[in-house]
Each structure stands twice: as C-alpha cells, then as structure tokens.
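Input: a single structure, listed below in structure tokens.
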Amino acid sequence: MSITQHFPALIVIVPLFFAYLAPVFSRWRKNWVAPATLGAMVFMLVASLYMVWQVMTTGPFTYEMGNWPPPWGIELTVDYLAAFASATLSALGLIILFYGTKDLLHELKEGVVGWYYTLYLLLMASMLGMVLTNDLFNLFVFVEICAIASCGIISIKESRECIEAAFKYLVLSAVGSGCILLAIAMIYMVTGHLNFVFVSGALQEAMYLYPYNLLAALALLLTGLGVKAALFPLHVWLPDAHSSAPSPSSAVLSGLVIKVYAIVMIKLLYKVFPAEMLGMVPVMEILLWMSTLAIVIGSMFAIVQDDIKKMLAYSSIAQIGYVFLGVALMSETALTGGILHILNHAIMKAMLFLSAGAFIYCTGTRKLSELKGIGHTMLIPTVAFGIGAFAMVGIPITNGFISKWYLALGSLDIGRPFFAAVILISSLLNGIYYLPIIVNAFFGEPEGRVADPKKLPLQMSAPLVLLAFGVIWFGVFPGTVLGVVSRAAQSLLGLL
C-alpha cells in the first residue's frame, strides 16, 4: 500500500509526533528544533497539495482509521473544502514559521523557544484535524487542542498583557467549548450517532420528533463556534489576544485559527443539518446580519487605533465578517467568494502582521504615529504592508478585490443589493485607516529609531516578499484556486 493513501491521517499524526520531539531537541540539540519543525511543516504542505491534486483528479474520498468503517470507526473525509483548507493552512503555516525562526529569538526567552514549536505544531495538527474529521467527537477533541495551543502561543511571551489576554481568551474559549460539547451531547442523545453522514441521515426524521432539542443544539453550536471565530458581537477576546502575542502568533491566530472555525461552521450547516431544519428558524439571516455588523463595526474600531497590531486585530473582526457573509447569502457565487476569502485574507493578514513584526523588531515601536517615514529606511516590509493594505481595501490586481467581487455579485444574484453596498462601504472604511499609514510611511520624514532601524534578517524579509507575490498572483490569476473553491461551493450547496 502506498504511503500517499495514508496522507489524510499522516498530515495530523506527523505534526503531533514532532510536537513531542521539539522539547527533547531543545534540551539535547537546540539547533535541531527549528529544522525538524520546518521539516514536519514541509511534509504537511506536500501531503495537502497531493490531496488537492487527488481530489481534483478523482473526486472526494474518505479514509478509515484502522480500516474500521463508520459509524464505529474514525473517518476522515477529504472533499474539495477540506483539501483547499488543508493546503491553505499548511502553506501559510510554513511561511509564518520560517519567519518566526528568527523573530522568536527576539521576542521570547531562550528557554521557551522549544516549547513554542511544540505549541505551534499542536495548533497546526488540531486545525488540520478539524477540517478533515467527519465526526463530532473528534471535532471536539481537536477544538480543545486548538484552544489550549492558542492560549499557549499567546501567553508564552510572559508579559503582563499577554497573560491577561490569554486568560481572557481561555475563559471565553471555555464557554464556547462548553456550548459545543452540550450541542454534541444533545445531537448524540437524539440521533445515537456522531459521524456527520449518519447524524445528517438521522436528523431527517429526528427534527420532527425532537425539534426543540435540536434547535437548542444548533443555537449552542452557532454560539460556541461564533466565540471561537470571533464573529461580532462574540469577538471581545480577539483584539487583546492578537495584538499582544508574538508576531508569528498574531499572524497564525488572525490568518488561520479563526478561519478554521468558519470552515467547521460551513461543514455543519451545509453537510449535517438538513435545509428544512435551518428553515425552522432564520439561522442564515441571523448570520447575515451578524456578519454585516462585524464588517462595519470592526472597521470603525480599527480606524481609531494607534497601536499597529491592535488595528490589524480589529480589522480581522471585519474580515471574518466577509467569510460569514458568503456563507449566509447561500448563493453559489457568494459562497465561492466567502471560501476564497479564507485563503486571500490569510495571505493578506499574515503579511500585515509579519510586516508589523518587522517594524517592531527593527525599531522597537508599534505606534502608527511613530512610524512616519518608515518606507525610506525599511523598504521591503513597508512595500509588503502597502500591498496588503491595498488588498484589504480591495484594489484591483490584488486578491482582496477578487473575494469582494464574488461576494458582491453573489448578493446581487439573489436580489439583495444592500449587502453589495455594505461591501463597498467597508472598502471605503478600510481605506480610511490603511491608506494614511502608507502615505505617512513614504511621504513622512523618519525620526528617532525609525531613521536608523536595525537590519531586517533575510529569514524575515523573504516570507514578506513571498506573501506579497501571493497577493498579486491570486489577484491576477485567481483561476489558480477558483477551480477547487467553486467545486467546493457547488458540492456544499448540492448537499444542502
């Protein structure tokens, strides 16, 4: 049997295995930790790209752990959405970690760097497990691993604000996890199954016998996942957590972690719960207005920030709104735009946070008012930040434009032009707080530490160049990923 047949399981098992080796290496051979972790990430990327190729060639497939068939065994499903999400997580995770191999030496104490790699690999394994698993029990297990690892990569910096932000996230995340666990218990009580396919089949009849139980379970799931994904107004933990964490942590939390919960919600709403049940209460309408408020209010909060990382954190609240807007519109074009924005925003926001990290690394300042003229002394990170800012606004030839274009077209397709107007207004709001930063960076006069910054290492500048190239590439050639994304949207709407 070829090893490629086991990629769906190995893509989760390999990072878990190396996560436990990282502390050993950090005590025994310190210089082995980063290469070993990067090697695990490279394997994950190769495996995920192979799965994308396999799905596009032969269609979706499943993997049964230990050859135990469902509903008794653990089943992993590699469909178009899972393959796309796996490739996105693996690619961005590798780029962020490569940047972090240098930045973490600056931001963390020497003795905890090995533990950071452990937490990072646990986080990546849990996210990949969430997008691949096909049962509620293992979904909850991976949700818990992700929550603990997320708290760890925030608090590992050991500053007062990091520990406070991690504690706030831990409390709210525990509330979200409790909601998810109660929902799973209620679904299992009614259906007797945990596998998505068997649960979906059982719900066809159970929703008429136990409607209130299942509606309560649905409400608990939406609340729990909404907290995890920082969907407005359940976002209160995000600004402090993302702004105070080390820059690689901020990039992975904002670019990847909150998107995983959006993917989980897509899987549950479109693959598990029957359309008739979603019609009993206005679930999609509620998500639609929550995402609209997230887009507008997140941008308004970002406008008044002077801390560059806090501004980017509030911007993430608005951007996750775009993903949920595409989910809730229930149009093929809009859903395509929402899923595509998972990748596009991951690239943009990772680049923006890593650029901010470069500014902090070289100048020691994070206040926007003190970064005037930074473009004269730190060209590469400033240009990268500028490209990311243009993409966030939705300027043509950037990938952000493609996402917003599909979302706007999707809202027009179903006769709801109001939401196309919301997307246009949000782009204007994005311009209000992003474009002045670029103007000040290139047309202001550098002063103080900005005038004479430290040299940015190649390990930190190369990922910025690669991400900037990705923003332009997926803006000019969106067809590179639209094939798998559009098939994902079609298959999900077909299931619903």
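Every heavy atom of this structure was used, including side-chain atoms; hydrogens, water molecules and symmetry mates were not. The chain is numbered in sequence order, starting from 1.
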Atom of [X], atom of [Y] and distance for their closest heavy-atom approach:
X: Ser249; Y: Ile153; value: OG-O, 2.9 Å
X: Met130; Y: Lys267; value: O-NZ, 3.2 Å
X: Phe353; Y: Ser316; value: CE1-OG, 4.4 Å
X: Ala328; Y: Leu287; value: CB-CB, 3.9 Å
X: Ala230; Y: Ile320; value: O-CG2, 3.9 Å
X: Tyr169; Y: Cys151; value: CD2-SG, 3.2 Å

Only distances under 3.5 Å count here; give the side-chain donor-acceptor pairs of residues 464-480 to other protein atoms, sequence neighbours excluded, each with its distance to 0.1 Å.
{"residue": "Trp473", "atom": "NE1", "partner": "Thr480", "partner atom": "OG1", "Å": "3.1"}
{"residue": "Thr480", "atom": "OG1", "partner": "Phe477", "partner atom": "O", "Å": "2.8"}

Under 3.5 Å, sequence neighbours excluded: what are the donor-acceptor pairs made by side chains of residues 50-63?
{"residue": "Thr57", "atom": "OG1", "partner": "Trp53", "partner atom": "O", "Å": "2.7"}
{"residue": "Thr58", "atom": "OG1", "partner": "Gln54", "partner atom": "O", "Å": "2.9"}
{"residue": "Tyr63", "atom": "OH", "partner": "His6", "partner atom": "ND1", "Å": "2.7"}

If only atom types and distance count, is the side chain of [X] paired as donor or acceptor with the main-chain N or O of [Y] below 3.5 Å?
X: Ser491; Y: Ala488; answer: yes
X: Ser486; Y: Leu482; answer: yes
X: Lys349; Y: Leu253; answer: no
X: Tyr270; Y: Val327; answer: yes
X: Thr133; Y: Gly129; answer: no
X: Lys228; Y: Gly176; answer: no
X: Ser291; Y: Leu288; answer: yes
X: Asn134; Y: Thr77; answer: no
X: Ser200; Y: Val272; answer: yes
X: Ser426; Y: Ile423; answer: yes

Heavy-atom side-chain proximity of [X] to [Y] below 4.5 angstrom:
X: Phe18; Y: Leu21; answer: yes
X: Val199; Y: Leu136; answer: yes
X: Leu121; Y: Leu16; answer: no
X: Met44; Y: Met124; answer: yes
X: Met189; Y: Asn213; answer: yes
X: Val227; Y: Cys179; answer: no
X: Pro463; Y: Ile96; answer: no
X: Thr37; Y: Thr101; answer: no

Start with the C-alpha distance between Val485 and Tyr80, add both sets of side-chain angles, then the distance that settles side-chain contact (heavy atoms from CB on, under 4.5 Å), and finish with yes or no. CA-CA 7 Å; Val485 172; Tyr80 297 108; over 6 Å; no
Spacing of [atom1] belonging to [X] relative to [atom2] belonging to [Y], to within rounding of 0.5 Å:
X: Leu325; Y: Gln319; atom1: CG; atom2: CD; result: 11.5 Å
X: Ile258; Y: Leu256; atom1: CD1; atom2: CG; result: 9.5 Å
X: Phe140; Y: Ile145; atom1: CZ; atom2: CD1; result: 11.0 Å
X: Ile347; Y: Ile95; atom1: CD1; atom2: CD1; result: 7.5 Å
X: Leu407; Y: Ile402; atom1: CG; atom2: CD1; result: 11.5 Å
X: Thr333; Y: Asp413; atom1: OG1; atom2: CG; result: 4.5 Å

**OP:** Count the heavy atoms belonging to other residues, nucleotides or ligands that lie under 6.0 Å from CZ of Phe43, then report whether that count exceeds 12.
**Re:**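 It does: Phe43 CZ has more than 12 such atoms within range.
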Original post:
Within a reach of under 6.0 Å around CD of Glu205, are more than 12 heavy atoms found that belong to other residues, nucleotides or ligands?
Top reply: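 No, the 6.0 Å shell around CD holds no more than 12 heavy atoms from other groups.
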Residues forming a salt bridge (charged side-chain N to carboxylate O under 4.0 Å, His left out) with Lys168, sequence neighbours excluded |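 For Lys168, the residues satisfying salt bridge (charged side-chain N to carboxylate O under 4.0 Å, His left out) (neighbours in sequence not counted) are Asp240.
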- request: Report the C-alpha separation of Leu81 and Val484 in whole Å, then their side-chain angles, then the decisive distance to 0.1 Å, and conclude whether the side-chain contact (heavy atoms from CB on, under 4.5 Å) test is met.
  value: CA-CA 8 Å; Leu81 178 63; Val484 65; over 6 Å; no
Problem - Test side-chain hydrogen bond (donor to acceptor under 3.5 Å, both in side chains) applied to Thr292 - qualifying residues, sequence neighbours left out - result: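 For Thr292 there are no side-chain hydrogen bond (donor to acceptor under 3.5 Å, both in side chains) partners, ignoring immediate neighbours.
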**Asked** Would Lys271 and Asp79 pass as an ion pair if we require N to O under 4.0 Å?
**Response**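 Judged by the 4.0 Å cut-off on N to carboxylate O distance, Lys271 and Asp79 do form a salt bridge.
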side-chain contact (heavy atoms from CB on, under 4.5 Å) between Phe142 and Val12: does it pass, once the steps are laid out? CA-CA 10 Å; Phe142 287 123; Val12 179; 3.9 Å; yes
### Query
Which word best sums up how the rings of Phe198 and His193 line up, parallel for under 30°, tilted for 30 to 60°, or perpendicular for over 60°?
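Rings of Phe198 and His193: tilted, 30 to 60°.
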Ignoring hydrogens and angles, state whether a donor on the side chain of Thr88 or Lys259 is under 3.5 Å from an acceptor on the partner side chain.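 Short answer, no.
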(Q) Suppose we screen for side chain to side chain contact (heavy atoms under 4.5 Å, CB included). Which residues come up paired with Phe137, at least two apart in sequence or across chains? (A)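 Checked Phe137 against side chain to side chain contact (heavy atoms under 4.5 Å, CB included); matches are Asp135, Val141, Leu194.
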Next on the checklist: Run Arg416 and Glu285 through salt bridge (Lys or Arg N to Asp or Glu O under 4.0 Å) and show every step you take.
Outcome noted: CA-CA 12 Å; Arg416 310 211 44 185; Glu285 197 69 18; 2.9 Å; yes
Working note: Val283 + Phe273, criterion side-chain contact (heavy atoms from CB on, under 4.5 Å); need CA distance, chi angles, decisive distance, verdict.
CA-CA 11 Å; Val283 175; Phe273 289 97; over 6 Å; no
Exercise. Could you check Tyr406 against Tyr322 for ring-ring contact (aromatic ring centres under 6.0 Å, His included), going step by step and ending with a plain yes or no?
Key: CA-CA 11 Å; Tyr406 271 83; Tyr322 289 120; over 10 Å; no
Tell me if the aromatic rings of Trp289 and Phe419 count as close, with their centers under 6.0 Å from one another.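 Yes, close enough.
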Name the residue from Leu220, Ile187, Thr223 that meets the side-chain contact (heavy atoms from CB on, under 4.5 Å) definition with Leu182.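 By the side-chain contact (heavy atoms from CB on, under 4.5 Å) criterion, Leu182 pairs with just one of Leu220, Ile187, Thr223: Leu220.
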Suppose the criterion is ring pair (Phe, Tyr, Trp, His ring centres under 6.0 Å): which pairs have a residue in residues 108-131, not counting sequence neighbours?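 Listed by first then second residue: nothing to list.
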